[in-house]
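All residue numbers in this chain count up from 1 along the given sequence. For clarity, every value in this text was computed on a predicted model and none was experimentally measured.
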Amino acid sequence: MKERIRSILLKYWGYTSFRPLQEDVIFSILSGKDTVALFPTGGGKSITYQVPALVMDGFCLVVTPLIALMLDQVDQLKKRGIHAEALHSGLSYLEAEEILRASIDHKIKLLYVSPERLTLSFFREALREMRISFIAVDEAHCISQWGYDFRPAYLRIAEIRPFKPEIPILAVTGSATQRVLLDIVEKLSLKQPHVVRQSFFRPNLFYNVLYEENKTQRLLQLLNEYRGSGIVYIRDRKKTQQWADFLKKSGIDATFYHAGLPWDERKKRQQQWIRGHTRVMVSTNAFGMGIDKPDVRVIVHLDMPDSIEAYFQEAGRAGRDGKDAYAWLLWNYEDISKLDRSVQENHPDFSYIGLVYHRLGEFFNLLPGTGENASFPFDLQHFIQQENFQPREAFYALKQLHHLGLISLSDPFFQRSRAKILLDKRGLYKFQVEEPQLNPFLEMLIRTYVDLFDHFVFIDEDRLAKQMNTTKDIIIKGLMLLRKKEIIAYEPVIDSIFLTFLTPRLKQEELISFQTQYEKLKQKRHVEIQSMKTFVLNMTKCRSQFLLSYFGEEKSKRCGQCDVCAGRGKLSMSDLEFDELLQRIKPLLEEPRDIYEIFMHFPAMRNLKVISALRWLLDHGKIESLPNGKLRWKKKLSHE
């Protein structure tokens with residue numbers, strides 16, 4: 001068997017050997033055991049379910065949360081000659097039916113699905129006829145309320161297990177604390193799972209956190225110092241373009257990326273960056289999931305991430321080729337304040353959330369007890385204006401209803417039209433004889449998209465208009481006419497948000513039962529932010545050691561190159577400056593304070609000197625670091 005899986009690896013991926021522990025996971029699945037694989041970002045998680053899928057009878061059902069991610073993986077697999085499909089909310093009923101039929105007829109080896117699809121009755125009916133070899137749950141931390149990206153739909157994955165009780169489940173994640181791991185095992189009903197854990201230690205990746213008031217100049221310095229491909233992370237969509245424009249004016253080849261861009265444009269920019277045609281991607285956290293670019297040399301966070309898990313994932317996209325890479329997080333007072341404010345802003349009062357939910361039901365004319373899995377195009381602006389809501393508050397209320405598992409909001413994804421010929425070639429020939437006036441259009445369509453007979457393909461109306469020397473409107477009318485005559489299935493571009501009610505509409509008194517869950521989510525958010533602040537304000541523990549300890553790896557070595565390690569024992573100031581700082585620091589630390597609180601007593605220009613003095617005092621045992629990250633005076637200096 002070992003030779004067989006290695007021959008598959010060589011044939012389809014071109015590798016002669018597996019990475020550490022990949023074979024352990026594969027053999028665990030092949031032996032029928034439930035398995036959990038904890039691999040760091042870039043550790044090769046997808047190979048652990050793609051290879052056994054090709055060995056076993058039937059197909060692997062892969063549950064993954066992002067449509068973009070699943071389609072990227074399906075595209076990559078098809079390029080390797082592996083039969084794979086994706087089933088998600090962006091498909092028409094006809095397309096979904098075709099994919100289900102292909103899976104029942106043993107024509108595919110991997111079927112990717114979003115967790116929401118698993119709950120639909122038509123999928124569960126088809127499930128009974130499918131020969132599934134095993135289920136792979138990608139990004140498995142999404143099943144835990146203590147994970148950084150909780151998805152309520154993941155909680156229902158275990159419901160399909162009774163349909164196939166004999167098959168194993170593989171849960172894979174690149175970010176899970178011990179608490180999240182236990183939650184994954186419980187929520188997926190795993191039976192005595194075999195847990196395979198790769199160390200999250202990245203010996204070639206160096207984490208640096210720097211207090212910086214002038215982020216503009218520092219960013220330029222970093223990108224000029226670390227040559228090669230890079231990512232700059234920013235929280236605000238509008239600012240991604242502003243920063244990209246600034247970098248271009250400064251002579252650095254850059255572009256920007258966020259979820260609000262059309263899909264075609266996102267794909268184009270992503271490919272240009274992956275191929276090295278663009279050096280720096282300035283992006284929100286929408287960029288990076290599933291991106292396999294090995295030679296990223298530097299990651300810069302201009303804004304503080306929401307959680308350590310999010311930071312670890314994003315920083316971990318650097319240095320996958322094993323060569324030295326650097327992650328820099330630039331912060332200042334305003335960043336700390338923004339994080340603190342975000343808990344309150346993102347979590348409206350529960351009574352307000354209930355009001356928004358009630359108005360949603362009325363907006364879509366749903367009676368209490370109806371509407372489960374009902375999906376509607378959703379004009380957010382119209383809803384806000386009609387109900388006289390404040391846009392920001394209403395947005396966060398909708399977001400929390402999504403986190404509670406009551407509704408699902410999907411951004412427009414398919415900003416391309418799709419089509420498929422419904423007749424066989426004989427039937428199409430007959431139609432062309434009967435209606436010859438449509439022949440030129442049909443022939444152009446078939447020449448341009450040769451796979452129209454086999455499956456749905458993306459089509460570009462603008463391109464067709466140029467080829468036929470006509471207008472886009474004429475092309476659309478022609479396609480709609482062919483659809484009306486049942487010659488083709490044609491799905492025009494979708495450009496609206498869709499809102500789905502995941503449960504029957506609840507009465508106001510029934511909604512109250514979700515308040516406790518909501519308060520837990522709010523508390524979890526507070527804990528995540530406190531952990532992120534502790535990481536940033538930490539001055540005593542190697543950055544790598546801090547991150548590894550957070551994920552349960554206590555026995556690790558100092559990296560020797562992060563800002564904390566590099567600053568140990570250094571005192572970059574005169575004795576006079578140090579004595580002056582000491583006189584001001586000592587009384588402050590008679591009671592525990594974090595570095596942020598200490599900074600408030602000094603001009604911003606002196607913060608680097610303050611950090612240097614505090615590190616010296618820590619290294620020489622004059623002050624101590626408490627478990628909550630605060631500093632306190634330990635003993636009097638000998639000369640006082």
**OP:** Would you give the length of the straight line joining atom CD of Glu129 to atom CG of Asp105, rounded to the nearest 0.5 angstrom?
**Re:** 9.0 Å
Subject >> Residues Gln50, Leu110; criterion side-chain contact (heavy atoms from CB on, under 4.5 Å); working and verdict >> reply: CA-CA 8 Å; Gln50 290 170 348; Leu110 293 109; 3.9 Å; yes
**OP:** Go through the side-chain N and O atoms of Gln467 and Thr448 and say whether any donor and acceptor fall under 3.5 Å apart.
**Re:** yes
Original post:
With the threshold set at 4.0 Å, does a side-chain nitrogen-carboxylate oxygen contact exist between Asp295 and Lys323?
Top reply: no
**OP:** Give every residue pair that meets the salt bridge (charged side-chain N to carboxylate O under 4.0 Å, His left out) criterion with at least one member in residues 15-43, sequence neighbours excluded.
**Re:** Arg6-Glu23, Asp34-Arg161
Original post:
Does a sphere of radius 6.0 Å around NZ in Lys78 hold more than 12 heavy atoms from other residues, nucleotides or ligands, not counting ones at 6.0 Å or beyond?
Top reply: yes
**OP:** Before accepting this row, confirm whether a basic side-chain N of the pair Arg418/Glu95 lies closer than 4.0 Å to the acidic partner's carboxylate O.
**Re:** yes
**OP:** Assess the side chains of Glu314 and His301: does a donor N or O sit below 3.5 Å from an acceptor N or O?
**Re:** yes
Original post:
Which value, rounded to the nearest 0.5 Å, describes the distance between Leu181 atom CG and Arg179 atom CZ?
Top reply: 13.0 Å
**OP:** Start with the C-alpha gap between Ile132 and Leu127, add the side-chain angles, then the distance that decides, and say whether side-chain contact (heavy atoms from CB on, under 4.5 Å) holds.
**Re:** CA-CA 9 Å; Ile132 298 174; Leu127 198 62; 3.5 Å; yes
**OP:** To the nearest 0.5 Å, tell me how far Glu491 CD sits from Ile459 CD1.
**Re:** 10.5 Å
Original post:
Is the Tyr257 to Trp273 ring centre distance short of 6.0 Å?
Top reply: no
Original post:
Nearest 0.5 Å, what's the NE2-OG distance between His194 and Ser28?
Top reply: 4.5 Å
Original post:
Got a salt bridge between Glu528 and Lys524, using NZ or NE/NH1/NH2 to carboxylate O under 4.0 Å?
Top reply: yes
**OP:** Please determine, by modelled atom types, if Glu461 and Ser417 share a side-chain donor-acceptor pair under 3.5 angstrom.
**Re:** yes
Subject >> Centroid separation Phe200 to Phe312 less than 6.0 Å >> reply: yes
**OP:** Answer yes or no for Lys425 and Phe453: cation-pi contact, defined as NZ/CZ to six-membered ring centre under 6.0 Å and angle to ring axis within 45°.
**Re:** yes
**OP:** Would you check if there is a donor-acceptor pair between the side chains of Ser199 and Glu553 at a distance under 3.5 Å?
**Re:** yes
Subject >> Ile231 and Lys293: CA distance, side-chain angles, deciding distance, side-chain contact (heavy atoms from CB on, under 4.5 Å) verdict >> reply: CA-CA 11 Å; Ile231 307 174; Lys293 182 171 171 62; over 6 Å; no
Original post:
What residues, two or more places apart in sequence or in another chain, satisfy salt bridge (Lys or Arg N to Asp or Glu O under 4.0 Å) together with Lys164?
Top reply: none
Subject >> Partner residues of Arg124 under the salt bridge (Lys or Arg N to Asp or Glu O under 4.0 Å) criterion, sequence neighbours left out >> reply: Glu159
**OP:** Tell me, please, whether Phe458 has Arg463 positioned over its six-membered ring: NZ or CZ under 6.0 Å from the ring centre and within 45 degrees of its axis?
**Re:** no
Original post:
Should the pair Phe376 and Phe501 be assigned to parallel (<30°), tilted (30 to 60°) or perpendicular (>60°) ring geometry?
Top reply: perpendicular
Original post:
What distance separates Met70 CE from Asp138 CG, expressed to the nearest 0.5 Å?
Top reply: 10.0 Å
**OP:** Would you sort out whether Asp183 and Glu186 count as a side-chain contact (heavy atoms from CB on, under 4.5 Å), showing the intermediate values?
**Re:** CA-CA 5 Å; Asp183 225 11; Glu186 178 191 346; 3.9 Å; yes
**OP:** Indicate whether the side chain of Thr284 and that of His258 have a donor and an acceptor atom separated by less than 3.5 Å.
**Re:** no
